[in-house]
Amino acid sequence: MNPADDTEAPATAHHRPEGAATAGPRPPGGTARPLRVAVIGGGPGGLYAAALLKRLDPAREITVWERNAPDDTFGFGVVLSDETLGGIEHADPVVYAALQRDFVRWDEIDIVHRGVRQTSGGHGFAALGRHRLLRILQERCRALGVVLHFGVQAPDPAVLARTHDLVVAADGVHSGTREAFAEVFRPRITVHRCRYIWLAADFAFDAFRFEIVRTEHGVMQLHGYPYSRPSPDHHPSTRPSGPQDHGASTVIVEMREEVWRAAGFDETEESESVERCAKIFADALGGRPLRSNNSTWTTFRTVVNERWSHGNVVLLGDAAHTAHFSIGSGTKLAVEDALALAACLDEHASPADALAAYEAERRPVVASTQRAARASLEWFENLSMYLGQSPRQFAFNLLTRSRRVTHDNLRLRDPRFTGAVERAFGCPPGTPPMFTPFRLREVTLRNRVVVSPMDMYSAVDGVPGDFHLVHLGARALGGAGLVMTEMVCVSPEGRITPGCAGLYTGRQAEAWRRITDFVHRQAPGTAIGVQLGHSGRKGSTKLMWEGMDEPLDDGNWPLVAASPLPYKPGSQVPREMSRAQLTDMREQFAAAALRAARAGFDLLELHCAHGYLLSGFLSPLTNHRTDAYGGSLEGRLRFPLEVFDAVRAVWPQERPMTVRISATDWAEGGTSAEESVAIARAFAAHGADAVDVSAGQVVAGERPEYGRSYQTPFADRIRHEAGVPVIAVGAISSWDDVNSLILAGRTDLCALARPHLYDPHWTLHAAAEQGYEGPGVVWPAPYRAGSRRPVTGRTDAPRPRLALHGTGQDV
């Protein structure tokens with residue numbers, strides 16, 4: 001079809017309004033409701049926005065420009081959630097009814113690993129062909145009177161902004177509008193590690209299918225889902241059986257860049273790529289061929305913009321943000337953007353207020369989706385880490401990769417599948433994964449919950465007092481398998497603040513013995529660990545609530561560090577440690593470890609994270625030494641390993657030692673994820689029984705990527721690549737998250753800090769809320785009456801009879 005044949009009536013000529021700006025977007029504060037609207041991009045988001053805006057106000061003149069022909073599309077199927085469909089139904093029942101007629105629905109996911117298929121149900125998907133979706137939206141736009149231009153490049157966005165009340169930029173991931181105003185939108189575009197290609201198969205998968213294939217070049221994966229139903233007379237079989245319509249499926253083939261190159265896909269034509277992919281995944285396809293549609297290998301680009309609007313120009317869909325296809329959110333987000341934009345323009349008095357409200361409403365939703373998408377994307381990028389997992393655990397790991405599907409959620413969706421995964425993991429009947437034991441040397445933790453080290457700044461001259469007894473004792477009574485002290489300092493000069501605890505005197509050791517005795521006597525089965533450290537360049541500061549990291553007003557003590565670099569402007573400059581000082585420091589750590597052993601601690605952790613002394617040697621940002629203790633990673637590791645060896649030599653052999661590290665500095669030029677694996681390997685080779693994997697706090701200018709469980713991927717990688725048990729930390733706040741991470745094999749233990757400040761009995765309550773009673777957690781005898789949630793309000797009142805039953809009479 002000639003693109004011009006599908007072009008609607010010529011665009012109405014719009015003259016520049018009186019007093020309008022001669023360059024750049026017009027401020028959107030004049031008209032109560034924008035009447036002239038230009039939409040750049042005729043994909044689902046642009047078309048749906050045009051339809052909704054016209055439906056809400058038929059007086060609007062709305063024009064859509066799409067540079068491609070109406071039937072041009074470079075994907076095959078589109079997945080929408082029930083939540084999104086509900087929004088469409090409410091906003092435009094006509095569009096919803098048309099979609100309903102064509103949607104393919106299914107609720108199972110098949111995951112094939114090592115030739116074994118695992119099936120999980122209860123997920124609920126809906127998909128249809130992208131061509132069909134575009135046609136429905138195009139027809140709706142025409143019926144409403146929207147002007148559509150296909151095969152026509154949109155005018156310059158600056159020109160449109162001067163001649164229209166509103167310009168909606170829905171022009172995709174390579175948005176020209178975004179680039180035209182890049183200095184305002186300030187986009188950040190991240191290109192990722194995998195190559196992928198969109199293809200299709202002329203039959204309908206009976207489930208969403210993930211297939212993993214190990215080839216001589218590396219691991220490759222297939223993502224496939226149906227988007228068109230088979231004809232009514234079709235009967236599924238493994239081979240084509242006749243000319244009838246077998247339906248259709250989207251097939252995405254994905255692999256790491258290095259695998260793609262090793263396999264020679266960088267040198268193959270499109271047709272050859274398609275044929276080779278069909279052969280590689282012949283089992284999944286039942287020997288059927290694949291087809292393409294101008295399909296090319298590409299890399300995914302994550303788009304983030306600091307702003308979504310500029311004057312009367314607003315970004316929508318992939319122009320504003322992208323989310324990886326593995327969680328199926330691209331079209332979903334664009335459609336939801338369109339709905340929110342139309343609603344905000346209808347609800348607010350001025351376009352300026354509407355665009356601000358649109359961004360305020362959508363940005364948190366998009367940010368949450370992008371976090372999930374990033375987790376999913378990185379899971380597939382690092383897929384080779386998990387190839388050693390059993391098919392069941394691998395399937396559970398894949399299903400929970402984005403952290404949106406969790407253990408509890410999956411147990412509700414498919415208890416049969418989740419129960420099988422739990423049994424394979426070794427969970428006794430009725431035992432959540434978090435309540436399975438874990439052994440470190442001669443210490444067996446009865447569950448996987450750790451009370452994370454938390455500085456209390458409440459000691460006097462380094463001596464822990466009644467506060468520490470109550471603080472740590474309460475959390476031990478609260479059911480955690482392991483309770484950790486705050487960082488306990490090895491010298492007076494090693495304290496962070498005057499309120500920090502120590503183990504550099506006998507009096508301090510005696511005070512700690514009082515606490516460990518309480519834990520062992522009153523909470524038998526709970527282990528208590530000590531974290532030994534030295535503040536380095538971050539010492540001699542105020543108590544946290546008086547000014548965190550701020551130097552003391554008086555009473556300062558001299559600081560030492562790997563290099564003479566202050567933590568931040570205004571901080572004290574430390575002295576670079578001499579060889580003699582390094583020797584003295586090793587002896588201070590060893591002496592503190594001896595006191596810790598005599599004080600009765602079950603486990604010792606060496607603090608090599610968060611920018612304190614030993615961490616300062618590990619990071620290239622804080623270690624600028626030119627001697628044997630600086631330079632390469634081997635040199636930067638030298639002193640922390642010497643300290644570890646000195647401590648391990650005096651710490652009882654039957655008791656475990658762990659190390660806390662910062663797996664990333666969250667800063668350019670700092671410790672990389674690859675280096676963190678090497679650091680973990682080095683400590684494990686020297687006898688570390690587990691690595692406590694934290695992140696950041698090394699340099700003041702860090703830029704962390706916060707989010708739920710945001711540090712756990714570092715622990716996951718170290719566990720699988722370094723082959724050492726790990727403790728995961730970082731915004732793990734629910735027992736559901738703990739169960740999910742443990743069962744997926746991403747960590748061995750989970751350390752929680754703030755949840756234990758909120759609720760000292762967090763672990764006991766997690767057991768009660770899951771209905772668990774067993775050896776993994778024991779209620780102290782005086783507390784057993786509280787092992788059931790108290791009834792509140794009048795929910796326990798007897799209910800009156802309010803209906804007649806069984807009388808055979810009309811009521």
Side-chain angles (χ1 to χ4, degrees), residues 3 7-43 45-47 49-50 53-54 60-68 141 146-189 301 303-322 334 337-338 341-342 344-345 348 350-359 362-363:
T7 302
E8 296 291 320
T12 304
H14 297 305
H15 299 287
R16 182 166 58 87
E18 187 73 26
T22 57
R26 186 146 48 95
T31 316
R33 297 260 172 85
L35 294 178
R36 296 193 199 92
V37 180
V39 179
I40 305 174
L47 291 170
L53 289 170
K54 187 70 171 176
R60 286 182 173 130
E61 298 175 9
I62 301 178
T63 307
V64 177
W65 280 271
E66 169 54 54
R67 64 180 180 176
N68 297 306
C141 282
V146 174
V147 177
L148 303 177
H149 293 295
F150 290 103
V152 177
Q153 186 71 40
D156 184 278
V159 174
L160 290 176
R162 292 194 299 270
T163 58
H164 290 74
D165 299 314
L166 179 69
V167 178
V168 179
D171 46 349
V173 65
H174 302 289
S175 171
T177 309
R178 185 183 65 229
E179 294 307 309
F181 302 116
E183 74 284 355
V184 177
F185 293 127
R186 293 191 289 277
R188 299 194 308 276
I189 300 174
R301 296 155 61 93
V303 175
V304 177
N305 285 277
E306 289 190 25
R307 291 184 58 182
W308 292 4
S309 64
H310 172 41
N312 61 340
V313 178
V314 61
L315 301 178
L316 183 147
D318 283 354
H321 47 71
T322 58
D337 281 355
L341 177 62
C344 288
L345 286 164
H348 290 82
S350 75
D353 291 342
L355 297 188
Y358 158 70
E359 184 168 347
R362 291 296 295 158
R363 188 176 283 279

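The CG atom of Asp165 sits 12.0 Å away from the CG atom of Leu160 when rounded to the nearest 0.5 Å. We find the CD1-CG distance between Ile40 and Asp171 to be 5.5 Å, quoted to the nearest 0.5 Å. The distance from atom CG of Asp337 to atom OH of Tyr358, rounded to the nearest 0.5 Å, is 3.5 Å. Rounding to the nearest 0.5 Å places CG of Leu315 at 7.5 Å from CZ of Arg178. For the atom pair CZ of Arg60 and NZ of Lys54, the computed distance is 9.5 Å after rounding to the nearest 0.5 Å. Here the CZ atom belonging to Phe185 is positioned 7.5 Å from the OG1 atom belonging to Thr177, to the nearest 0.5 angstrom.
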Quiz item: Is there a side chain to side chain contact (heavy atoms under 4.5 Å, CB included) between Leu355 and Leu166 once you walk through the steps?
Solution: CA-CA 10 Å; Leu355 297 188; Leu166 179 69; 4.1 Å; yes
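Contact detail for Arg301 and His174: the closest heavy-atom pair is NE-CE1, 3.7 Å. Residues Val313 and Ala161 share a closest heavy-atom pair of CG2-CB, 3.8 Å. Here the closest non-hydrogen pair linking Gly42 and Val64 is CA-CG1, 4.0 Å. Considering every non-hydrogen atom in both Gly43 and Glu66, the closest pair reads N-OE1, 3.9 Å. Nearest heavy-atom pair, Leu316 versus Ala49, reported as atom, atom and distance to 0.1 Å: CD1-CB, 4.1 Å. Looking at every heavy atom in both residues, Asp318 comes nearest to Val173 through CB-N, 3.5 Å.
Under the 4.5 Å side-chain criterion, counting only non-hydrogen atoms from C-beta, His321 is not in contact with Arg363. Annotation: side chain of His149 is in contact with side chain of Thr63 (closest heavy-atom distance under 4.5 Å). At least one side-chain heavy atom of Pro187 sits under 4.5 Å from a side-chain heavy atom of Glu179. Side-chain atoms of Leu47 and Val146, non-hydrogen and from C-beta on, never get closer than 4.5 Å to each other.
Judged by distance alone, with hydrogens and angles left aside, the side-chain atoms of Asn305 form a donor-acceptor pair with the main-chain N or O of Ala319 at under 3.5 Å.
Between Trp65 and His164, the ring planes lie perpendicular to each other; the angle is over 60°, past the 30° to 60° tilted range.
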